[in-house]
Participant: 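Take a look at this one; I'll ask things after.
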Amino acid sequence: MLQGIKVIDFTNYLPGPFATLRLAELGAEIIKVEPPGGDPARNTGISKQGEGIVFLANNRQKKSITLNLKEKEDLETALKLIATADVVIESFRPGVMEKLCLGYQAVRNVKPDIVYCSISGYGQNGTHSKLGNHDINYMALSGVLAQLKDKAGKPVHPSIPLADYLGGFAANERILAGLVSKSLTGKGSYHSISITDQLVSLLGNHIMVEKETGEGTGINVLNGSIISYAIYETMDGRYMSLGALEQKFWRNFCLAHWQEGWVEAHFSKTEKTNPVFEEVTALFKSKTFDEWIEFAQKVDCCMAPVLEVGELSAHPYFKEKELLFASSWGDYQVKMHSDVEQGTIAPPPKKGEHQDGILKNILI
């Protein structure tokens, strides 16, 4: 779908590379511009054969060139490269690209119709914009982290950087909108993605509910407060999710256990004072995780197991779609678009691997 679109990617670590991986899988040509030392993700955290896992997981299907953007010759090379492109994406702190003479206004001089996207934690302007922060800080400030609390009311530290990934999704949304606009008007555009702002955009329901009721946990039937939409522990200490929000699904669940008397308790509370909740809790603890998985396949009641990451590759759902696949270069990768056929998949590039070919093309 994006064949013929060239993206010059100045991003590092996670939000930007995740965004451009998704574009690459849709057919875009991604040229990753790395500093002489490479994307820091190459040397961060757990590594495999000398390369950081975060880098390997988010950079297949890309080309790599190394440039020292503080050097005049390399800066000129970057501008020549941009002149051949459709999109520029960067994730430096606000003002850095301007200091490097690669900000939007400078880039427009060499490519007037460029679609230019900046990803940052707090946007390009304002009192927070120059502050250094990470995923957990954006989650905290936005109000999203407050939605993940244990029974004592303490925020639970997520083990997945949701803010960074959401920032990547939002960047792609705006890049694609920019490309559509360009096709209609012939004009380029600039897009500033604040990761924190994107998180707040998830809370539209929550903010409206809080203003009306004073409750800050969103739509009450979706926040674990009713028995038909909750998480239950099994006999062997695993967990099942039950999402029987509609009457027909809750009825299916109840009648499958010969408990017609539970049907009227559909929206009753997940509280110890609720006898039906106590009975449903006991029912889940009377069967093993595998028994509940089998039940969920037979009875249409909106139920699914809480799987661990290591269980995904063996689960029928993911096997059918081949969402997780063993790569030809010796690791496991995850498809970004399950419905898009993939041709030959290139491995994550070595630092500067495509330097000669890229330079040859722009210097002709």
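Not measured: the values here are computed from a predicted model.
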Participant: Which value, rounded to the nearest 0.5 Å, describes the distance between Ile362 atom CD1 and Ile65 atom CD1?
Facilitator: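 If I round to the nearest 0.5 Å, the distance is 6.0 Å.
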Participant: Using every non-hydrogen atom in the two residues, find where Val306 and Ser241 come nearest and quote the distance to one decimal.
Facilitator: CG2-N, 4.3 Å
Participant: Quick check against the 3.5 Å criterion: does Gln333 have a side-chain atom that pairs as donor or acceptor with the backbone of Leu56?
Facilitator: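 At least one qualifying donor-acceptor pair exists.
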Participant: When you look at Tyr232 and Met303, which way does the side-chain contact (heavy atoms from CB on, under 4.5 Å) test go after all the steps?
Facilitator: CA-CA 11 Å; Tyr232 290 95; Met303 183 184 294; over 6 Å; no
Participant: Flag the pair Phe295 / Glu291 as yes when at least one side-chain heavy-atom distance between them is below 4.5 Å, and no otherwise.
Facilitator: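 A side-chain contact under 4.5 Å is absent here.
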Participant: Got a sec: does the CG of Asn125 have more than 12 other heavy atoms crowding it under 6.0 Å?
Facilitator: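 Atom CG in Asn125 is not crowded, with 12 or fewer foreign heavy atoms closer than 6.0 Å.
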Participant: What's the spacing between Ile8 CD1 and Ile89 CD1 if we round to 0.5 Å?
Facilitator: 11.5 Å
Participant: Between Glu308 (side chain) and Gly310 (backbone), is there a donor-acceptor pair under 3.5 Å?
Facilitator: no
Participant: Do Ile53 and Leu14 share a hydrophobic cluster, counting only Ile, Leu, Val, Met, Phe, Trp and Tyr and linking them when any side-chain heavy atoms are less than 4.5 Å apart?
Facilitator: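 Per the 4.5 Å side-chain linkage, Ile53 and Leu14 are not co-clustered.
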Participant: Assess the residue pair Glu29 and Lys63 against the criterion (salt bridge (Lys or Arg N to Asp or Glu O under 4.0 Å)); give the C-alpha distance rounded to whole Å, side-chain angles, the decisive distance to 0.1 Å, and a yes or no.
Facilitator: CA-CA 8 Å; Glu29 178 185 7; Lys63 299 174 182 177; 2.9 Å; yes
Participant: Counting only heavy atoms not in Ile46, do more than 12 sit closer than 6.0 Å to its CD1 atom?
Facilitator: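 Count not over threshold, so no.
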Participant: Take atom CD of Glu278 as the centre, draw a 6.0 Å sphere, and report whether it contains more than 12 heavy atoms from other residues, nucleotides or ligands.
Facilitator: yes
Participant: Between atom CD of Glu76 and atom CG of Leu81, what is the distance when rounded to the nearest 0.5 Å?
Facilitator: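 Those atoms lie 13.5 Å apart.
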Participant: Main chain of Asn133, side chain of Tyr138: is a donor-acceptor contact present, judged purely on distance under 3.5 Å?
Facilitator: yes
Participant: Do Tyr317 and Met240 share a hydrophobic cluster, counting only Ile, Leu, Val, Met, Phe, Trp and Tyr and linking them when any side-chain heavy atoms are less than 4.5 Å apart?
Facilitator: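 Linked, Tyr317 and Met240 end up in one cluster.
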Participant: What pair of heavy atoms forms the shortest contact from Cys101 to Leu75, and how long is it?
Facilitator: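 So the minimum-distance heavy-atom pair works out to CB-CD2, 4.0 Å.
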Participant: Nearest 0.5 Å, what's the OG-CZ distance between Ser120 and Arg93?
Facilitator: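 Ser120 atom OG to Arg93 atom CZ measures 11.0 Å (nearest 0.5 Å).
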Participant: Counting distance only, does the side-chain N/O of Ser142 pair as donor-acceptor with the main-chain N or O of Met139 below 3.5 Å?
Facilitator: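 Flag set: sc Ser142 to bb Met139 pair under 3.5 Å.
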Participant: With a 4.0 Å cut-off on N to O distance, would you call Glu311 and Arg238 a salt bridge?
Facilitator: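 Looking at Glu311 and Arg238, the cut-off is met.
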Participant: For residues Val340 and Leu21: do they belong to one hydrophobic cluster (side chain heavy atoms under 4.5 Å, members Ile, Leu, Val, Met, Phe, Trp, Tyr)?
Facilitator: yes
Participant: State, to 0.1 Å, how close Asn220 and Ser225 come at their nearest heavy-atom pair, and which atoms those are.
Facilitator: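 It is O-OG, 2.6 Å.
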Participant: What I'd like to find out is whether the side chain of Ile5 reaches to under 4.5 Å of the side chain of Leu26, using heavy atoms alone.
Facilitator: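 The answer is no, as the side chains (C-beta and beyond) never meet within the 4.5 Å cut-off.
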Participant: Can you check whether Arg42 reaches Glu51 side chain to side chain, under 4.5 Å on heavy atoms?
Facilitator: yes
Participant: With heavy-atom distances below 4.5 Å as the criterion, would you say the side chains of Ile31 and Ile358 are in contact?
Facilitator: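 Yes, at least one pair of side-chain atoms sits under 4.5 Å.
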Participant: Does NZ in Lys99 sit with more than 12 non-hydrogen atoms of other residues, nucleotides or ligands closer than 6.0 Å?
Facilitator: no
Participant: Could you tell me whether a side-chain N or O of Trp292 sits under 3.5 Å from a main-chain N or O of Phe284, the two making a donor and an acceptor?
Facilitator: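 Such a contact is found between Trp292 side chain and Phe284 backbone.
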Participant: Can a donor-acceptor pair be found, under 3.5 Å and without considering hydrogens, that links the side chain of Asn12 to the backbone of Pro40?
Facilitator: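 No, the answer is negative, given that no donor and acceptor are paired below the 3.5 Å cut-off.
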Participant: Who else is in Ile345's hydrophobic cluster (ILVMFWY, side-chain heavy atoms under 4.5 Å, direct or via others)?
Facilitator: Phe325, Trp329
Participant: Any chain of hydrophobic side-chain contacts (each under 4.5 Å) joining Ile207 to Leu202?
Facilitator: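 Shared cluster, yes.
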Participant: If I compare all heavy atoms of Ile195 with all of Pro15, which pair ends up nearest, and what's the gap?
Facilitator: CD1-CG, 4.2 Å
Participant: Assess whether side-chain contact (heavy atoms from CB on, under 4.5 Å) is satisfied between Leu102 and Leu69, documenting all intermediate values.
Facilitator: CA-CA 9 Å; Leu102 288 170; Leu69 298 175; 3.9 Å; yes
Participant: Is there side-chain contact between Gln147 and Thr217, with heavy atoms separated by less than 4.5 Å?
Facilitator: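 Yes. Closest side-chain heavy atoms under 4.5 Å.
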Participant: Do the side chain of Asn137 and the main chain of His134 share a donor and acceptor less than 3.5 angstrom apart?
Facilitator: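 Yes, the answer is positive, given that a donor and an acceptor are paired below the 3.5 Å cut-off.
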Participant: Whether Lys32 and Asp39 form a salt bridge (side-chain N of Lys/Arg under 4.0 Å from carboxylate O of Asp/Glu) is what I want to check.
Facilitator: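 A salt bridge is present here (some side-chain N lies under 4.0 Å from a carboxylate O).
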Participant: Within the 4.5 Å heavy-atom criterion, are Gln259 and Phe253 side-chain neighbours or not?
Facilitator: no
Participant: Say whether Leu199 and Phe18 are linked into one hydrophobic cluster, either directly or through other cluster members, by side-chain heavy-atom distances under 4.5 angstrom.
Facilitator: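 Leu199 and Phe18: one cluster.
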Participant: I'd like to check Ile226 versus Phe277 (side-chain heavy atoms, cut-off strictly below 4.5 Å). Are they in contact?
Facilitator: no
Participant: Looking only at side chains, do Thr84 and Lys6 share a donor and an acceptor under 3.5 Å apart?
Facilitator: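 A pair is found: one side chain offers a donor N or O, the other an acceptor, under 3.5 Å apart.
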Participant: What heavy-atom pair brings Val299 and Asn252 nearest, and what distance separates the two atoms?
Facilitator: CG1-O, 3.8 Å
Participant: Nearest 0.5 angstrom please: Cys254 SG to Ile227 CD1, how far?
Facilitator: 7.0 Å
Participant: Are the side chain of Thr288 and the backbone N or O of Asp236 linked by a donor-acceptor pair below 3.5 Å?
Facilitator: no
Participant: Closest approach of Ile136 and Pro158, non-hydrogen atoms and distance?
Facilitator: CD1-CD, 3.9 Å
Participant: Distance check, rounded to the nearest 0.5 Å: Ser118 atom OG versus Ile193 atom CD1?
Facilitator: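 Interatomic distance, Ser118 OG to Ile193 CD1, rounded to 0.5 Å: 9.0 Å.
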Participant: side-chain contact (heavy atoms from CB on, under 4.5 Å), that's the test. Do Lys335 and Lys321 meet it? Break it down for me.
Facilitator: CA-CA 10 Å; Lys335 287 183 181 178; Lys321 292 176 175 279; over 6 Å; no
Participant: Please determine whether a side-chain nitrogen of the Lys or Arg among Lys72 and Asp74 lies less than 4.0 Å from a carboxylate oxygen of the Asp or Glu.
Facilitator: no
Participant: Checking the side chain of Ser47 only, and the main-chain atoms of Gly52 only, is there a donor and an acceptor separated by less than 3.5 Å?
Facilitator: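 No, Ser47 side chain to Gly52 backbone: no donor-acceptor pair under 3.5 Å.
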Participant: Would one find more than 12 heavy atoms of other residues, nucleotides or ligands at under 6.0 Å from atom CG of Asp356?
Facilitator: no
Participant: Are there over 12 heavy-atom neighbours, none belonging to Leu131, within less than 6.0 Å of that residue's CG?
Facilitator: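 Yes, because the 6.0 Å sphere around CG of Leu131 holds more than 12 heavy atoms from other groups.
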Participant: With a cut-off of 6.0 Å (strictly less than), are more than 12 heavy atoms of other residues, nucleotides or ligands near CE of Met208?
Facilitator: no
Participant: Do Arg60 and Pro347 have side chains that get closer than 4.5 Å, going by heavy atoms?
Facilitator: no
Participant: Start with the C-alpha distance between Ile175 and Leu179, add both sets of side-chain angles, then the distance that settles side-chain contact (heavy atoms from CB on, under 4.5 Å), and finish with yes or no.
Facilitator: CA-CA 6 Å; Ile175 287 170; Leu179 289 171; 4.2 Å; yes
Participant: Do side-chain atoms of Trp250 reach the backbone of Trp262 as a donor and acceptor pair under 3.5 angstrom?
Facilitator: yes
